[in-house]
Enquirer: 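Got a structure for you, questions after.
Sequence lines set the chain letters: A, B, ... in the order given, protein chains first and strands last, and positions in each chain run from 1.
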Amino acid sequence: MERVLDEPVLVRRRNAGRSVGAAFAVMVALLAAAPFVVYPVFLMKALCFALFACAFNLLIGYVGLLSFGHALFFGWASYLTAYAAKAWALPPELAIIVGTATAAVLGIVAGGLAIRRQGIYFAMITLALAQMMYFFALRAKFTGGEDGIQGVPRGRLFGFFDLADKTTMYVFVLVVVLAGFLLIYRIINSPFGEVLKAIRENEQRTISLGYKTERYKLFAFVLSATLSGLAGSLNALVFQLASLTDVHWTMSGDVMLMTLIGGLGTVFGPVVGAFLVVAMQNYLASFGQWVLVIQGAVFVACVLVFRRGIVGEIAAALRVRL
Amino acid sequence: MPEAPALLAVKELEAWYGESHVLHGVTLDVRTGEVVTLLGRNGVGKTTTLKAVMGIIESRTGSVRFEGKELIRLSSDAIARSGIAFCPEERGIFSSLDVKENLLLPRQVRPGGLDLDRIFALFPNLRERLNSQGTKLSGGEQQMLAIGRILRTGARLLLLDEPTEGLAPVIVEQIGRTIGALKAQGFTILLVEQNFQFAAALADRYYVMEHGRIIDHFAAADLKASTEKLHDYLGV
Amino acid sequence: MFEIFGIPSQALFGQLLLGLINGSFYALLSLGLAVIFGMLNVINFTHGAQYMMGAFAAYLLLQHAGIGYWPALVIAPLLIGATGVVIERLFLRRLRKLDPLYGLMLTFGLALVIEGLFRNVYGSSGLPYQVPESLEGGRNLGFMFLPNYRAWVIVLSLAVCLATWYGIERTRLGSYLRAATENPVLVRAFGINVPRMVTLTYGFGVALAALAGVMAAPIYNVSPQMGSDLIIVVFAVVVIGGMGSIMGAIVTGFALGVVEGLTKVFFPEASNTVIFVIMAIVLLVRPAGLFGRTG
Amino acid sequence: MKFAATLAFAVAALFGTATAQAQDNVVKIGVLTDMSSLYADIGGPGSVAAAKLAVEDFNPAAHGMKVEVVSADHQNKPDIGASIARQWFDVDHVDVIVDVPTSSVALAVSEVAREKNKAFLVSGAASSDLTGPKCSPNTIHWTYDTWMLANGTGKAVVKTGGDTWFFLTSDYAFGHALERDTAAVVKANGGKVLGHALHPINTSDFSSFLLQAQASKAKIIGLANAGGDTINAIKQGAEFGITKGGQHFAGLLVFISDVNALGLNTAQGLVLTSTWYWDMTDANRAFTKRWQVSLPGKFPTMVQAGVYSSVIHYLKAVAALKSAEDGRAVVAKMKEIPTDDPLFGKGVVRADGRKIHNAYLFEVKKPEESKYPGDDFKLRATIPADEAFRPLKDGGCPLVGG
């Protein structure tokens, strides 16, 4: 039952570098100019989710593993960062490292369990593990239960940059997210990434070529978890808050939706998807109950008629890789 | 019996597995009461031809007429119900079904199928194993089960895909006798076979396939004359 | 009364029985999931929403048509099962040739839509549904007061589970189902209309969920989110049981209900998580689940 | 490049409008509430309707003011609530946020309001911390709080003979606080607490907790929970013969919407504390009638009435100051002038931000006693305003000198 998630977008590799480079330049330019037009807190939120979705995409888009429990890493990293910054008064860079490291450790444990099964089972197991840790977060003292950890200080980055300043914080988030983005891009184009894609196409064949695919999968899982954790840590500092929302399964659903809308297995898709979904949640909030319905309908539409996602469709139309 | 009307007439049959084009215009016919054998090396499209006739491969074009009725647009269950039975190469015995359930599985499509007693008369082993799990049977018994169950359906045209593959010579012989008996009972059979010796004893006519096409065709009477050619085709 | 580990046996038996009641719901739901998974190779994330729809159907039948519990027990599953048939025809059928993960995502999206719509119309504080008169009251078992309705839930769910098991494992129609689970292509070539069977199977699995919903309506309030939390626990039950057998789904469902009940006595803090912990342990020891088939 | 163009277009279209609004003299009231989930019937659209009625009754034109009401759904999540609040204050020029059921969200919003110096009028949330250790010069807690609930119901129940208690407690801060406060009241009045069972929030099956409560033989089962949890506990209690066995529930936080969800048959006899009931005065009934235009068939809760009352008082203070810009100043003004509105009558706002008014002990009627829809409660006792709420000195609010 080791089927490929979808027929990959056929591309001409020689165009790849150029189109990705151009699109990246445009993206950076837009993001640099955006805070003059758009509410910066919104932008920072979308950026955090963009990184989260990219990390998620690393797993589903390039290894073909659908994790339904990525909120686990995002949320727990966010808790630990918030706790480290508030209770231990760690500077932001250390608090982020604490959160991200937590996600990495959780990734090793959850990944070790989950990659024993494939396909749908993998999805269900990751979901169940995340839900277990959700209940744990609900019960644990340090998370503040329903209240979450509120009033997290942003602190001074390297003891020097005051992150309470909007612009400084924005630049900081932008730099970290772009670094994460480039790291992921680097990974998927490395020999390691090629093996991952081979696993996605046909795991049995990859095994027969002598690769220990389990290890590759686990490593990809941990990487994805760690970067999700980085996103969660940033998010906690942006909102100065870590809460149950971040570990709830709907968060895993959201990130799945972002990636699906943008385009599974595309470089820029998750970023576009994250901005769209965050915007949708923000600007449709006044529709109240309908947000859920709309999100669900978008999900269904994507699966039925729009499987390549926005960026995937554009890339296919332009015959480039994005 | 060249004047008899074709029970099954396949014309310009093309078929695809996903992107790859595997049949390039197969044309053959089978007349009522005949045993016709498709010969050819591995991977030339013999099994595919059966599956395309049966509608198991859905992306196909051309014409498949059975008793004069066009089947190319029908789904495989409808094709089965129009009176063709298929016995797959891998035998297709269901492990979650016992022997009896396996036997009773295919739908009766016409009156006049063999009842269980007559099937047991052909394959006495099956009677004792009736309550065993289907896949617990030996390879030979499984093959008998696979053939036995399609005899119940009342279909008069049987598509048999390599019924002797991987079986001991004694069993192969028994299967051979059975096919002979079926022919005597008036069944029409389209057989895919690698075992030329086996086929030679049974078939009325032969088609030879290569690269998804029929490249030659001769009657049993011409077999001797064609031996040389055949060795070439089959690489024996 | 004697005590076990400091817990009065009274409480212990009481909780065991309650666990069995919860297990009834787990069993019915995981059975439905298993039946659907077998034929469609889809994990039906909408299952929780369909369970909720079953409860709502019972509620609405009573409110708008004056149809009570007993007819609703039949009508609601039929209605919701019919919506399942529509979903299969309109959506799932189009995904059959794709990776099963798409089925999971699609049904997840549908679950959001359905839950959102019900929240929109009926709010979320829950709507009351009375226990049918003939099952009101209860009996004192000595160690606990067992409401008649809860006893009925155990009996009915056990009966439905066993009937389903019998239907699938012991009847002609069931042999079609089992065969089609193994090799749908060949079954189709045997003249059986497999696509229709797939549709009906999905409808049947959905109807099981809806039946559980009707049964749940008098116990819990009828509310739009009643299914979404339950479904994840049922997923864990399914992972523990493995998708190998129908009996496996039933036994695991009841057993985990009981285990959860015991946890509530001995270690209440872990009662939410115990099923997930068991899942982790089972995965380590038997990755295919307790009743699952490897390979 | 098409991709870039699309992205640029999307960004511009979606967010470009956000900052375009200019500052003006409109007073903007943001009703931040639960529109879709557990507490949507307690606050939700009903709170929005109440706020709009308040604006109508205040008649802004007569004061030369323009008032706008906006609303949003915080989904009971502190993160969502805080980010909406921030965006409202930063971008949308909202001057005051009202309602906010769910304590965790209210605490988060209170932080944001303080940071941005805007006003925050809590009606829906319960935590008495809002006027205790976490009080803020920008926040007023209007309708009720955990201390008042504990005090009202706890004392009344013990005095009427319910002197042994077992708590079913929602396992998070709000539930713990409610249990703690109520237990203290019970003990202070000579009652005994026999035990408690903690249940996770949003529990669908209470049977095992009820079994423990039953085994404790306590006369009163105190429900230190809210919303759906309270409803389920009571409903299942009836099923397990709790009330027939002589035990009684004391719902510590029960709203009329909960009673309607339960049905009188199940809820009858339940004792609860509330600061407002729609059928108490002609003014309340008149308000209810107008309110029902937006929400036919429903009855306003005390939270929704509190939204009305708090908005009226807020607008009075703004009118007196002629500006809503400085939230701290408006709140100070609100504390300075006495309150007076049709629903809560005359009252005051204390230095710690606590609004003071009467509280009432109600009992849910039997089905045969109820003569018309919504005729759910009978009054058992009135708790005068000066006893209903925690004394100023006990709260530990840093705003209170000494």
Side-chain angles (χ1 to χ4, degrees), chain A residues 19 22-23 25-27 29-31 33-34 36-43 45 78 135 138-139 144-148 150-151 166 235-236 238-246 248 268 271-272 275-276 279-283 285-292 310-311 314-315 317-318 320 322, chain D residues 1-8 10-20 33-37 40 44-45 70-84 86-87 90-92 102-105 107-108 110-112 115 127 129 134 170-176 198 200-201:
Chain A
S19 61
V26 172
M27 181 174 83
L30 279 175
L31 288 173
F36 298 103
V37 192
V38 185
Y39 182 44
V41 176
F42 165 82
L43 281 178
K45 180 179 181 188
S78 142
F135 281 120
L138 183 64
R139 289 294 184 100
E146 296 281 307
D147 302 344
Q150 302 185 352
K166 252 191 262 178
N235 197 54
V238 168
F239 286 97
Q240 301 175 273
L241 182 85
S243 73
L244 286 173
T245 310
D246 303 336
H248 195 247
F268 292 94
V271 179
V272 174
F275 272 82
L276 279 178
M280 201 159 79
Q281 287 172 345
N282 249 36
Y283 291 89
S286 52
F287 286 91
Q289 307 85 318
W290 289 105
V291 177
L292 205 59
I310 294 174
V311 173
I314 294 174
L318 300 180
V320 293
L322 286 172
Chain D
M1 179 147 260
K2 212 168 180 178
F3 160 71
T6 312
L7 188 63
V11 167
L14 280 165
F15 323 125
T17 51
T19 48
T33 186
D34 174 2
M35 297 296 260
S36 59
S37 168
V70 294
S71 65
D73 185 359
H74 64 48
Q75 300 167 36
N76 300 322
K77 291 171 187 164
D79 54 321
I80 295 183
S83 78
I84 293 173
R86 187 162 289 167
Q87 190 165 344
D90 280 349
V91 184
D92 299 325
T102 316
S103 300
S104 52
V105 186
L107 289 167
S110 184
E111 287 294 321
V112 178
E115 184 191 324
S127 172
D129 284 358
K134 293 189 175 156
S170 194
D171 193 8
Y172 69 105
F174 153 74
H176 293 169
L198 295 174
I201 187 175

Enquirer: Quick one: which of D:Thr102, D:Asp79, D:Asp90 has the most heavy-atom pairs under 4.5 Å with chain A, could you say?
Expert: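 Top option by heavy-atom pairs under 4.5 Å: D:Asp79.
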Enquirer: Indicate the atoms forming the closest heavy-atom contact of A:Phe275 with A:Phe42, along with that distance.
Expert: O-CZ, 4.3 Å
Enquirer: Using a cut-off of under 4.5 Å for heavy-atom pairs, which of D:Ser127, D:Ser103, D:Ala82, D:Ala108 has the most such pairs with chain A?
Expert: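 Of the candidates given, the most pairs with chain A belong to D:Ala108.
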Enquirer: What residue in D:Leu107, D:Leu198, D:Val112 has the most heavy-atom pairs under 4.5 Å with chain A?
Expert: D:Leu107
Enquirer: Using side-chain contact (heavy atoms from CB on, under 4.5 Å), reason through D:Val70 and D:Asp92 one step at a time and then give a plain yes or no.
Expert: CA-CA 10 Å; D:Val70 294; D:Asp92 299 325; over 6 Å; no
Enquirer: Considering only heavy atoms, which portion of A:Val271 lies under 4.5 Å from any heavy atom of chain D: side chain, backbone, both, or neither?
Expert: neither
Enquirer: Could you report the tightest heavy-atom contact between D:Gly81 and D:Val105, atom names first, then the distance?
Expert: CA-CG1, 3.8 Å
Enquirer: Do you know which two heavy atoms are closest between A:Phe268 and A:Leu322, and how far apart they sit?
Expert: CD1-C, 3.6 Å
Enquirer: For the candidates D:Arg86, D:Lys77, D:Glu115, which exhibits the highest count of non-hydrogen atom pairs separated by less than 4.5 Å from chain A?
Expert: D:Arg86
Enquirer: Testing the basics here: between D:Asp73 and D:Ile80, what is the closest heavy-atom pair and its distance to 0.1 Å?
Expert: O-CG2, 3.9 Å
